[in-house]
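Comments concern the structure below.
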Amino acid sequence: MATPRPLSLSGCCLLLLVLGGPGFFQSHAVEVDVKDLTNNTCIYAESMISFLIKYETNSGEYKNVTLNPVSNVTHEGSTCGNSSEAPLLAIQFGAGHSWSINFTKTNETYHGDVISFTYNTSDAVFKDAKRKGLTTVVVKDPLPPIQLNTVYRCLHLGSVEAANVSQFFWNVTLQAFVQNGTVSKNDSVCDADKPTTVPTVTNTTAFVTTTAAASSPPPTTTAKPAENPLTGNYSLQEDDKICLLATMGLQLNVSREKPVLININPNTTHVTGSCGNTSATLRLNDSNSRFIDFTFAVKTKSANSARFYLKEVNITLINSINGSEPLNTGNSNLSAWETFLGSSYMCQKEQTIVVTEDLQMHTFELRIQPFNVKDNKYSKAQECSLDDDTILIPIIVGAALAGLIVIVVIAYIIGRRKTYAGYQTL
């Protein structure tokens with residue numbers, strides 16, 4: 001990692017950047033020191049930040065883009081606040097992207113209030129974007145209040161997700177309302193960094209999920225799971241009506257330096273996505289460390305034969321696996337889970353989707369309907385060939401007939417030989 005160097009910036013703030021090596025979640029540390037008119041620090045923040053955005057293309061497909069604050073970073077608008085204006089921490093980066101958070105306090109605590117993120121789809125990284133221009137996502141800061149004169153620290157990853165945008169933060173050091181211009185030596189550590197407690201991550205989503213009733217401890221990525229994954233029930237809503245239904249057990253097979261099987265736990269998984277007439281997306285977020293995006297599409301061979309299918313899968317694994325780099329990859333050329341529009345697709349037995357050479361996705365007890373959901377329940381299902389035992393009947397009958405024919409031929413040959421031998425004796 002490069003050595004941090006102060007940038008020469010005018011105004012009330014000092015902003016530092018630390019840039020690291022390659023990989024999806026590269027080291028993009030942003031350090032901001034907001035000072036008042038007397039040059040005393042009032043807000044201090046240092047964090048690794050990354051943004052994952054799903055956007056629609058002109059063809060109606062959805063793609064993912066990752067933004068990191070690594071170029072053209074400025075701090076315009078950051079302020080210590082006053083009696084009529086809340087303290088604000090703001091950065092701008094890249095081709096018109098910006099992020100900010102304001103703070104409030106009581107007599108004893110302070111906390112972030114509103115997080116605002118604006119991204120510019122006119123940026124070249126948004127290839128073939130249907131909508132060009134600025135889009136702003138505003139969410140409430142999910143962090144709990146922090147004692148005044150205390151620094152909040154969190155090494156573990158946390159995220160805020162809303163409106164097709166996932167904001168990731170880790171290695172966070174933060175103090176607002178700094179007293180006497182000196183950053184405090186008192187720490188408030190996040191729950192995820194405490195070894196004696198189970199990590200709790202607050203996730204803001206726009207849709208509702210239902211999960212399997214059974215409970216299970218969070219999956220591990222260091223050993224092979226002892227059994228198949230739990231089956232989760234997921235749904236998306238639009239205008240207070242369910243527009244997408246999905247039921248499945250999910251397992252990821254990561255083959256890097258050492259193969260690892262990862263079971264996705266539905267009890268720690270949040271769901272977001274979008275519905276449409278010809279395209280739909282389902283995003284599963286497993287405890288903010290694993291993201292699985294499914295993109296469904298409709299194809300029409302004739303006026304009465306519209307069918308839907310799984311067109312694309314994108315998978316993001318944020319946490320390191322056996323020391324390897326975090327992973328973000330996908331396959332946009334799939335043609336799986338196909339059936340007639342207005343029906344659901346079902347496959348109780350294990351299926352495998354090849355994402356890349358190093359990544360496979362296994363599904364169990366699958367049922368999916370991304371379009372035309374009626375009365376908030378599945379339509380009649382078309383079963384996959386693996387579940388259709390009726391195809392075994394003609395195979396068994398054919399095998400039996402073939403065996404019978406072989407027996408008849410052998411008996412005929414033996415009989416002919418005996419008859420021929422009798423003639424020779426005479």
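From a predicted model like this one, the values you see are computed outputs, not experimental measurements.
When side chains are defined from C-beta on, N263 does not count as touching L230, because their heavy atoms never get closer than 4.5 Å. Here the side chains of L67 and Y119 are in contact, with some heavy-atom distance below 4.5 Å. Counting only heavy atoms from C-beta outward, the side chains of E76 and Q92 approach each other to under 4.5 Å. Two residues are said to be in side-chain contact when any heavy atoms from C-beta on lie closer than 4.5 Å; L252 and I315 meet this criterion. Inter-residue side-chain proximity for F93 and S98 is flagged as unmet; no heavy-atom pair is nearer than 4.5 Å. Using a 4.5 Å heavy-atom cutoff, the side chains of L250 and I292 are in contact. You'll find the side chain of R367 reaches within 4.5 Å of the side chain of S344, heavy atoms only. Looking at K54 and D293, their side chains come closer than 4.5 Å, going by heavy atoms from C-beta outward.
Crowding of E357 atom CD: a count of heavy atoms from other residues, nucleotides or ligands under 6.0 Å not exceeding 12. The environment of N58 atom CG is dense: over 12 non-hydrogen atoms of other residues, nucleotides or ligands sit within 6.0 angstrom. Counting non-hydrogen atoms of other residues, nucleotides and ligands closer than 6.0 Å to NZ of K380 gives a total of 12 or fewer.
Judged purely by atom type and a 3.5 angstrom limit, Y378 has no side-chain atom pairing as donor or acceptor with the backbone of V373. Side-chain atoms of S47 do not come within 3.5 Å of backbone N or O of I49 as any donor-acceptor pair. Checked by atom type and distance alone, the side chain of Q175 pairs as donor or acceptor with a backbone atom of S184 at under 3.5 Å. A distance-only check finds a donor-acceptor pair linking the side chain of N82 to the backbone of S84 [under 3.5 Å]. No side-chain donor-acceptor contact under 3.5 Å links D375 to the backbone of K377. A donor-acceptor pair under 3.5 Å is formed between the side chain of D141 and the backbone N or O of L143. For S279 (side chain) and G60 (main-chain N/O), a donor-acceptor pair under 3.5 Å exists by modelled atom type.
Ring geometry for W99 versus F169: interplanar angle of 30 to 60°, hence tilted. In this structure, F296 and F294 have parallel ring planes: the angle between them is below the 30° cut-off, well short of the 60° mark. Taking the six-membered ring for Trp and thresholds of 30 and 60 degrees, F177 and F103 have ring planes more than 60 degrees apart, a perpendicular arrangement. Ring-plane geometry between F168 and F291 is classed as perpendicular, the angle between the planes exceeding 60 degrees on a 0 to 90 degree scale with a lower cut at 30.
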Practice problem: List the steps and the verdict of salt bridge (Lys or Arg N to Asp or Glu O under 4.0 Å) for K311 and E61. | Solution: CA-CA 9 Å; K311 183 177 183 179; E61 299 179 10; 2.4 Å; yes
Exercise. Starting from the C-alpha separation in whole Å, work towards a yes-or-no answer on side chain to side chain donor-acceptor pair (under 3.5 Å) for N164 and T272.
Key: CA-CA 8 Å; N164 290 333; T272 56; 5.7 Å; no
Quiz prompt | Working for side-chain contact (heavy atoms from CB on, under 4.5 Å), residues N149 and Q179 | solution = CA-CA 6 Å; N149 197 32; Q179 298 180 7; 3.7 Å; yes
Practice problem: Start with the C-alpha distance between M361 and T352, add both sets of side-chain angles, then the distance that settles side-chain contact (heavy atoms from CB on, under 4.5 Å), and finish with yes or no. | Solution: CA-CA 6 Å; M361 180 180 70; T352 299; over 6 Å; no
Quiz item: So E31 and Y44, side chain to side chain donor-acceptor pair (under 3.5 Å) or not? Walk me through it.
Solution: CA-CA 8 Å; E31 182 179 4; Y44 178 80; 2.5 Å; yes
Practice problem: List the steps, then state whether side-chain contact (heavy atoms from CB on, under 4.5 Å) holds for N64 with R283. | Solution: CA-CA 12 Å; N64 290 324; R283 163 173 284 189; 3.9 Å; yes
Self-check item: Derivation of the side-chain contact (heavy atoms from CB on, under 4.5 Å) call for T109 and L148
Solution: CA-CA 5 Å; T109 64; L148 289 172; 5.6 Å; no
Exercise. In sequence, state the C-alpha distance, the side-chain angles, and the governing distance for S122 and K132, and then conclude on side chain to side chain donor-acceptor pair (under 3.5 Å).
Key: CA-CA 5 Å; S122 296; K132 297 292 186 179; 6.0 Å; no
Practice problem: Show your working on side chain to side chain donor-acceptor pair (under 3.5 Å) between D123 and H97 and close with a plain yes or no. | Solution: CA-CA 9 Å; D123 188 343; H97 315 298; 2.8 Å; yes
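Counting all heavy atoms, side chain and backbone alike, W170 lies closest to L155 at CB-O, 3.6 Å. When all heavy atoms of S235 and I242 are compared, the closest pair comes out as CB-CG2, 4.2 Å. The minimum heavy-atom distance between N120 and A95, with the atom names listed, is ND2-O, 3.0 Å. Between N285 and S159, the shortest heavy-atom distance links the atoms ND2-OG, 4.3 Å. Minimum heavy-atom separation, P87 to C80: CG-O, 3.3 Å. Nearest heavy-atom pair, T339 versus S343, reported as atom, atom and distance to 0.1 Å: OG1-CB, 4.2 Å.
A side-chain donor from one of S274 and T281 sits under 3.5 Å from a side-chain acceptor of the other. A donor-acceptor contact closer than 3.5 angstrom links the side chains of T41 and K35. No side-chain donor-acceptor contact under 3.5 Å links D358 and T356. A side-chain N or O of T231 and one of E365 form a donor-acceptor pair less than 3.5 Å apart. No side-chain donor-acceptor contact under 3.5 Å links T150 and Y110.
To the nearest 0.5 angstrom, I146 atom CD1 is 14.0 Å from K105 atom NZ. Distance check, rounded to the nearest 0.5 Å: CG of L359 to CG of L317 gives 6.5 Å. Going from atom CZ of F364 over to atom CD of E227 covers 11.0 Å, rounded to the nearest 0.5 Å. Annotation: the span from L334 atom CG to E312 atom CD amounts to 8.0 Å, rounded to 0.5 Å. Taken from CG in L310 to OG1 in T363, the straight-line distance is 9.5 Å, to the nearest 0.5 Å. Atom SG of C243 sits about 11.0 Å away from atom CG of N372, to the nearest 0.5 Å.
Cation-pi geometry between R131 and Y55 is not satisfied (NZ or CZ under 6.0 Å from the ring centre, within 45° of the ring normal).
With L88 as the partner, the side-chain contact (heavy atoms from CB on, under 4.5 Å) test is satisfied by one option alone out of V114, I101, T79: T79. Partner of R153 under the side chain to side chain donor-acceptor pair (under 3.5 Å) criterion, out of N171, D193, T173: T173 alone.
Taking 4.0 Å as the cut-off between side-chain N and carboxylate O, E338 and K299 count as a salt-bridged pair. In this structure, D113 pairs ionically with K140, as a charged nitrogen and a carboxylate oxygen lie closer than 4.0 Å.
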